[in-house]
Amino acid sequence: MSIKKIYPKATIGIFGGGQLGRMLAQAAKKIGYNIITLDPIPNSPCAQIADEQIVAAFDDYGAAERLAEQSDVLTYEFENVNADIIEHLEKKGNTVFPSSTVLRITQNRIKEKEFLKKIGISVTDFRAIVRRSHLEEAKEELGLPAMLKTATGGYDGKGQILLNTEEDILDVPQDLFLKELIWERYVPFIKEISVICARGASNELITFPVSENVHRDNILYTSTVPARIPAEVEKKATDIARRISERLEVIGVIGVEMFLCEDGIILVNEIAPRVHNSGHYTIEACYTSQFEQHIRAICGLPLGRTELLSPVAMINILGEGKGQGGDFLVGVEKVLSIPGISLHLYGKERARAGRKMGHLTVLADSVLEAVSRAKKAIEMLSWE
Ligand code: AMP
């Protein structure tokens, strides 16, 4: 596919004004692009960096058209953007990367897993659930434990229930059935890993080193690189991400989340059609960050190198939601005295519990040292 080259001083439109949009904007501004973001919340994290924000709902066709009129290329920073709007803009002749086809597959867990199976990539056993009686059928067919998830709209573990027993099945709240659900066989994984992959013009394809991820309460807690996995697993994971990117014909960055099981078996959990939290380490630890790779890819420019420059650990800074107050981060000075540390804060007003407020990246001589410093650093921070 030949894609139009878009040079600095042109304008990139970003649907979504969160932290991923912010870091995309930072990378784009570095090269001299203009940025417009669309987000319903004024002064969004991305808007603080962008040249302009259109404050509007994500399902506002008029606002999306205004964004498109002012932009030379469009992208998005979250997968729950309205796919009908993206397709509408494409039909009007606007360029959106990744395309609405990629978006439609990746924003529905059932379609995504069917696609993966079709291209020969292993996923956990699953079935679609539309009514309560399907739960019993799924239990008979696939057994317990299982993860019950909404097929669309969930992120960071939202809309997910772990089912261990018959009782858990009976307790599934009725309002969950307002949406299509997916029953996934629970995967007794050894590790969670992910691969960030970028595909640009003329099929240029790059992958970053595999990241080893630890989640807490379904939210990413730490990412460490290099992942402590055998070389053949690193290669297999990388090949999987490449195959997905090629078969989806993505232009831009994707993040592929995987479960590493016994005997080196890899099951893909999820594809994010965007830059990914587990790729934040690339800002400090690689030649070219995932954010810059995405900007280069959607602008039709050559991609950069991805080698790891140093062992690295990334840890998320989450809000604690202390109610009144609790939005001011204390301990910054102490944290910045740790060697090799970088602090990123996203400029969010309120530190609600579990909200991603920022992250820390630590470069060190070994992954163990990096992760130990990162954990020590996070303990020094509190919200007051
Ligand atoms: P997801 O929203 O699908 O990325 O899930 C969030 C987290 O929940 C994952 O990173 C895993 O830690 C856990 N999880 C999700 N699906 C499964 C599964 N089928 N088996 C085991 N753990 C899962």
Side-chain angles (χ1 to χ4, degrees), residues 18 20 77-80 103 105-117 121-129 134-135 138-139 141-165 168-169 172 176 179-197 210-225 227 229 237 240-241 244 253-263 265-281 314-316 318 353-356 359:
L20 299 177
E77 57 120 38
F78 72 125
E79 60 272 39
N80 293 323
L103 190 57
I105 294 171
T106 54
Q107 66 185 191
N108 182 308
R109 291 181 191 275
I110 298 166
K111 281 194 193 150
E112 184 172 83
K113 286 197 164 58
E114 281 166 353
F115 163 79
L116 288 165
K117 274 176 76 171
I121 288 174
S122 305
V123 295
T124 190
D125 292 326
F126 66 98
R127 67 158 283 174
I129 303 280
H134 289 165
L135 296 178
K139 191 200 79 181
E141 197 182 312
L142 303 173
L144 290 170
M147 292 291 277
L148 188 64
K149 305 177 180 179
T150 51
T152 57
Y155 66 97
D156 284 345
K158 291 188 174 63
Q160 294 193 14
I161 301 179
L162 172 63
L163 304 175
N164 274 312
T165 61
D168 292 341
I169 296 180
V172 171
L176 217 61
K179 280 191 163 181
E180 189 180 17
L181 303 172
I182 179 171
W183 174 296
E184 291 180 12
R185 191 198 291 272
Y186 186 85
V187 181
F189 55 82
I190 301 169
K191 277 175 198 249
E192 291 192 75
I193 55 175
S194 59
V195 180
I196 309 294
C197 181
V210 175
S211 168
E212 180 175 337
N213 307 319
V214 175
H215 291 78
R216 274 191 178 175
D217 301 325
N218 288 330
I219 301 177
L220 184 65
Y221 174 55
T222 57
S223 286
T224 48
V225 190
I229 52 176
I240 287 173
I244 292 172
V253 163
I254 60 167
V256 183
E257 296 176 22
M258 309 173 196
F259 297 125
L260 173 60
C261 308
E262 294 284 352
D263 303 326
I265 290 168
I266 293 176
L267 303 178
V268 169
N269 175 35
E270 211 177 12
I271 310 165
R274 53 165 170 81
V275 284
H276 193 260
N277 195 168
S278 70
H280 291 359
Y281 78 87
M314 187 287 313
I315 193 161
N316 274 328
L318 302 180
R355 193 173 193 207
K356 290 175 179 167
H359 71 267

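Ligands are counted one by one from 1 in listed order, and the atoms in each one are counted from 1 as well. Numbering of residues begins at 1 and proceeds along the displayed sequence.
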For the residue pair F259 and F189, does the interplanar ring angle fall in the parallel (under 30°), tilted (30 to 60°) or perpendicular (over 60°) class? parallel
Is E77 paired with R274 through a side-chain N to carboxylate O contact shorter than 4.0 Å? no
Less than 4.5 Å apart, side chain to side chain, heavy atoms only: is that true for N277 and H359? no
Expected output: side-chain R185 to main-chain D125 donor-acceptor under 3.5 Å: no
Atoms of ligand 1 less than 4.0 Å from E192 heavy atoms? 9 (C), 10 (O), 11 (C), 12 (O)
Counting only heavy atoms, which portion of N269 has something under 4.0 Å from ligand 1: side chain, backbone, both, or neither? side chain
With a 3.5 Å distance limit and no angle check, can you tell me whether N108 reaches the backbone of I110 through a side-chain donor-acceptor pair? yes
Within the 4.0 Å heavy-atom shell around R185, which atoms of ligand 1 are there? 19 (N)
Do L148 and L135 make a side-chain contact, defined as non-hydrogen atoms from C-beta onward lying under 4.5 Å apart? yes
Using atom types as modelled and distance alone, determine if a side-chain donor or acceptor of Q107 lies under 3.5 Å from a backbone N or O of E79. yes
Quick look: K149 vs ligand 1, heavy-atom contacts under 4.0 Å, and the answer is side chain
Provide the number and element of each atom of ligand 1 under 4.0 Å from a heavy atom of H215. 10 (O)
Please determine if T124 has a nitrogen or oxygen closer than 3.5 Å to a nitrogen or oxygen of ligand 1. no
Between E257 and ligand 1, is there a nitrogen or oxygen pair with a distance under 3.5 Å? yes
Would you check whether M147 has a nitrogen or oxygen atom less than 3.5 angstrom from a nitrogen or oxygen atom of ligand 1? no
Nearest non-hydrogen contact with atom 2 (O) of ligand 1 belongs to which option: R216, E184, Q160, E270? Q160
